[in-house]
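Naming: A, B, ... by sequence-line order, numbering from 1 per chain.
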Amino acid sequence: MITDLLQAAVLDALTALDVDPIPESVSLERPANRDHGDWSTNVALATAKKAGRNPRELGSQLVEHLSANLPDGVAAVEIAGPGFVNFRLDNSWLGETIAATTAAGVETFGRSTQPIPTKVIVEFVSANPTGPLHAGHARGACYGDALARLYEAVGFDVLREFYVNDRGVQMQTYAKSLLARKNGEEPEEDGYKGQYIIDWAQHMPDGLSIDEALEWGYEYAIADQTEVLGQLGIHFDLWFSERSMVETGAIEASLAELRERGVVYDNDGAVWLRSTDYGDDKDRVLVRSDGDYTYILPDIAYHRDKFNRADRLVNVWGADHHGYIPRMKAAMEATGHDPAALSIPITQMVRLMRGDQEVKLSKRTGEIIELRELVDEIGADATRFLYLLQSVETPQTFDLQLAASKAMENPVYYVQMAHARLRSIQNKVSEAGIERQPLEAVDFSVLGHERELELLRQLQQYGDIVAIAAREQSPHKVINWLRDFAAAVHGFYHDCYVMGEDIDPTLTQARLWLVEATRVGLVSGLNLVGVSAPDSM
RNA sequence: GCCCUCGUAGCUCAGUUGGAUAGAGCGACCGCCUCCUAAGCGGUAGGCCACAGGUUCGAUUCCUGUCGAGGGCGCCA
């Protein structure tokens, strides 16, 4: 890697200049402004004070030393600003980047080649099995799956899990509501009143008992949720049943363990977790005075189970659950687990708009918009891409009109069109009877157009972007890269013709390889966010 | 009242462990098709990075406070 080379060269120079102390690491970054070269280090600024030197002066000395001993691939070293040292590369990296990218291919480009022996469980969606998924679940669904893909890309061993709250009063209520509708009656006061209950009840067999209705409704809801998630290309490795932990005794085992650790106590006939000892603002009831569990005890049991199977846990929760993070972390600490091994990204709320108009309810049912309606209206690719468009930490405004638009103003079409154009070039060239020659036979020194350089610069950055996106749990960074990269593709497409009367065959070959490398990058990025790369549009 | 998240262009949002002149898309205005899809490309205008302090060579970024927005504070899940 060029960065290793540069770091070593800078450290050598610092030693030669008797800088003391020598910094532990030399940070290299890509300057935002291209006039500042290809790579830049602030090492002179960072070390000057400790070493009792003037930053700008130290920088100049570094430049002098480095210029006299130019590292391979470096064309020039310059001093700038308060003491930045900037590196300008020669053009040898162009061909190298193309070769590396195409050799890696879409499956491995930008991804870690070495598996990390760490098991990560990403739990997301985890909606109640009492109805269809609605639009509010979409952000967590798209985010959770993209996060899982990112973790896989950097080498983790990843499991996707859906925690099914199939125990508790809501299941009874759900079953009663189904039965009521089956009999043509209104559900009781606090029952489920949605249109979907009426629709689903019609499919339910006659004469079911409440337990049978519960089982039937449970299966039906899970099947429905699985289907719509499948439309989005989201599949879970495990649908973990809360109820199963009653049967296996896992819940009682967890409670016994908590008692053993002395972190629970009895009061008012209930069993309490002493969570205030671990940073929570209140102690929490684990077992109610009527003997039933609150949600938190099964939750603890579930996390205990997960920690037995994995090293790191990631729970994707909606903003309405953020208040539960402290108690969950407290519970983990109380059970002897490292709270830092559990991370809980929160997805902020989404406002659905149709143009200027806020969309609160479904036109069809007059109720909360189902995820299925959303996917039917705008498609799976747009749903995934647009929900990932921005950081989940910030509330999102989602415009359905824009999402359904088949014009370039729609970011997902803009990016997919970039891929279609690359394919189009390849097809045209192929139709003209031109074959891409072996890499070794191609002269990449003919490349150098600003559009070409921009594509290659972005390809070079992609691996870093993936690593940062995974580390920061921010798939939207991949989306941003894709948008920038697509812009570079459209610019190249516009200004740099691959084939034509006035295009030298040597240039055609070099650009043909560049097109393929670019395509690999684009497809790899789209795969990471679960969006398709169509060959034509 | 307490807790969490957030506040950047007219709108929707980026901003990579604190770096150089804060970016992109949309909208507005102005250009570019004899040529692999103009479903595109280029340019111009548009900013007190909510506000006030602090930390330091340097703060949109870190800390504190104020104001504003959203969410949460059950023996519901």
According to a strict under-4.0 Å criterion, is Lys477(A) in side-chain N/O contact with OP1 or OP2 of rG15(B)? yes
Of all the nucleotides listed (rC36(B), rC75(B), rG19(B)), which has the minimum atom distance to the side chain of Ala270(A)? rC75(B)
Name the pairing partner of rG70(B), where a pair is Watson-Crick or G-U wobble with both distances under 3.5 Å, or state none. rC4(B)
Does a nitrogen or oxygen in the side chain of Thr397(A) sit under 4.0 Å from OP1 or OP2 of rC13(B)? yes
With Tyr293(A), which of Arg288(A), Glu242(A), Arg167(A) fulfils side chain to side chain contact (heavy atoms under 4.5 Å, CB included)? Arg167(A)
Using only modelled atom types and a 3.5 angstrom limit, is any donor from either the side chain of Asn86(A) or the base of rA20(B) paired with an acceptor on the other? yes
Whole-Å gap separating P (rU56(B)) and CG (Asn42(A)): 18 Å
Less than 4.0 Å between a side-chain N and a carboxylate O, is that true for Glu516(A) and Arg519(A)? yes
Does Ser391(A) make a side-chain donor-acceptor contact with the base of rA14(B), cut-off 3.5 Å? no
Using a heavy-atom cut-off of 4.0 Å across all strands, would you classify Ala319(A) as base, sugar-phosphate, or nothing? sugar-phosphate
Interatomic distance at C1', rA50(B) relative to rU61(B), whole Å: 16 Å
Pair partner, rG25(B) [Watson-Crick or wobble, under 3.5 Å]: rC11(B)
Answer with base, sugar-phosphate or nothing: what part of the nucleic acid does Phe398(A) contact at a heavy-atom distance below 4.0 Å? nothing
Heavy atoms from C-beta onward define the side chain here; which of rU12(B), rC73(B), rU37(B) lies closest to that of Gln390(A)? rU12(B)
Do we get Arg243(A) above Tyr218(A)'s six-membered ring, with its NZ or CZ under 6.0 Å from the centre and within 45° of the axis? yes
Using a 4.0 Å heavy-atom cut-off across all strands, classify Asp283(A) as base, sugar-phosphate, or nothing. nothing
Any idea which of rU16(B), rA77(B), rC36(B) is nearest the Glu472(A) side chain? rU16(B)
Choosing from rG19(B), rC13(B), rC75(B), which nucleotide comes nearest the side chain of Trp272(A)? rC75(B)
P-based separation of rC62(B) from rA14(B) [nearest Å]: 15 Å
Rounding to an integer number of angstrom, what distance separates rG58(B) and rA20(B) when you compare their C1' atoms? 10 Å
Which part of the nucleic acid does Pro82(A) contact within heavy-atom distance under 4.0 Å: base, sugar-phosphate only, or nothing? nothing
Indicate, with a heavy-atom threshold strictly under 4.0 Å, whether His476(A) touches base, sugar-phosphate, or nothing. sugar-phosphate
Can you tell me how far C1' in rU37(B) sits from the matching atom in rG19(B), rounded to whole Å? 42 Å
At under 4.0 Å between heavy atoms, what does Ser474(A) touch on the DNA or RNA strands: base, sugar-phosphate, or nothing? nothing
Just checking Tyr414(A): base, sugar-phosphate only, or nothing, at a heavy-atom cut-off of under 4.0 Å? sugar-phosphate
As its Watson-Crick or G-U partner within any shown strand, both distances under 3.5 Å, rA39(B) has none
Between Leu45(A) and Asn480(A), whichever has its closest RNA chain B nucleotide further toward 5' is Asn480(A)
What nucleic acid atoms does Gln426(A) come within less than 4.0 Å of, heavy atoms only: base, sugar-phosphate, or nothing? nothing
Expressed as a whole number of Å, how far does the C1' atom of rG47(B) sit from that of rC3(B)? 33 Å
Taking a pair as Watson-Crick or G-U wobble with both distances under 3.5 Å, which nucleotide is matched to rU61(B)? none
Below 3.5 Å, does any donor atom in the side chain of Ser289(A) face an acceptor in the base of rC75(B), or the other way round? yes
Say we look at rA59(B) and rG18(B): how far apart would their P atoms be, to the nearest angstrom? 13 Å
Taking any heavy-atom pair under 4.0 Å as a contact, classify Asp268(A): base, sugar-phosphate, or nothing. base
Any base atoms under 4.0 Å from Arg451(A), or only sugar-phosphate, or nothing? Heavy atoms, all strands. sugar-phosphate
Step-by-step side chain to side chain contact (heavy atoms under 4.5 Å, CB included) determination, Phe492(A) to Glu450(A): CA-CA 9 Å; Phe492(A) 169 80; Glu450(A) 183 48 40; over 6 Å; no
If you take the centroid of each ring, where Trp contributes its six-membered ring, are Tyr387(A) and Tyr143(A) closer together than 6.0 Å? no
Of the listed nucleotides rA20(B), rC36(B), rU5(B), the one nearest the side chain of Tyr493(A): rC36(B)
Quick one: do Asp266(A) and Arg259(A) make a salt bridge, cutoff under 4.0 Å? yes
Measure the acute angle between the ring planes of Phe162(A) and Trp239(A), then classify it against the limits of 30° and 60° as parallel, tilted or perpendicular. parallel
Mutual orientation of the aromatic rings belonging to Tyr324(A) and Tyr295(A) [parallel < 30°, tilted 30-60°, perpendicular > 60°]: perpendicular
Between CZ of Arg457(A) and P of rU16(B) the distance, given in whole Å, is 20 Å
Would you indicate what Asn128(A) reaches in the nucleic acid, counting non-hydrogen atoms under 4.0 angstrom: base, sugar-phosphate, or nothing? sugar-phosphate
Closest to the Met417(A) side chain: rG19(B), rA39(B), rA20(B)? rA39(B)
From C-beta outward on Glu409(A), which listed nucleotide comes closest to its side chain: rC26(B), rC41(B), rG72(B)? rC26(B)
Given the P atoms of rA69(B) and rG31(B), what is the spacing between them in whole Å? 44 Å
When we call it a touch if two heavy atoms are under 4.0 Å apart, what does Ile346(A) touch: a base, just sugar-phosphate, or nothing? nothing
The nucleotide from rG27(B), rU37(B), rA77(B) with an atom nearest the side chain of Lys428(A) is rU37(B)
With the criterion set at under 5.5 Å between ring centres and under 30 degrees between planes, would rA39(B) be stacked on Tyr413(A)? no
Could you tell me whether rC63(B) is syn or anti, where syn means a glycosidic angle within 90 degrees of zero? anti
For rU16(B), give its Watson-Crick or G-U wobble partner with both distances under 3.5 Å, or none. none
Rounded to whole angstrom units, what separation is found between the CG atom of Asp399(A) and the P atom of rC13(B)? 11 Å
Using atom C1' of each nucleotide, how far apart are rC33(B) and rG42(B) to the nearest Å? 14 Å
By nearest-heavy-atom nucleotide on RNA chain B, the more 5' of His322(A) and Tyr295(A) is His322(A)
From the list rU16(B), rC75(B), rG72(B), which nucleotide is the closest neighbour of the side chain of Asp320(A)? rG72(B)
Lys/Arg-Asp/Glu bridge criterion (N-O < 4.0 Å) met for Asp190(A), Lys193(A): no
Thr294(A) side chain, from C-beta outward: closest of rA77(B), rG25(B), rG19(B): rA77(B)
Think Arg351(A) has a side-chain N or O under 4.0 angstrom from the OP1 or OP2 of rG71(B)? no
Within the structure, does a side-chain N or O atom of Ser424(A) lie under 4.0 Å from either OP1 or OP2 of rU37(B)? yes
Report yes if the distance between the aromatic ring centroids of Tyr414(A) and His490(A) is under 6.0 Å, otherwise no. yes
Does the structure show His36(A) stacking with rA20(B), if we require the centres to be closer than 5.5 Å and the planes to be within less than 30 degrees of parallel? yes
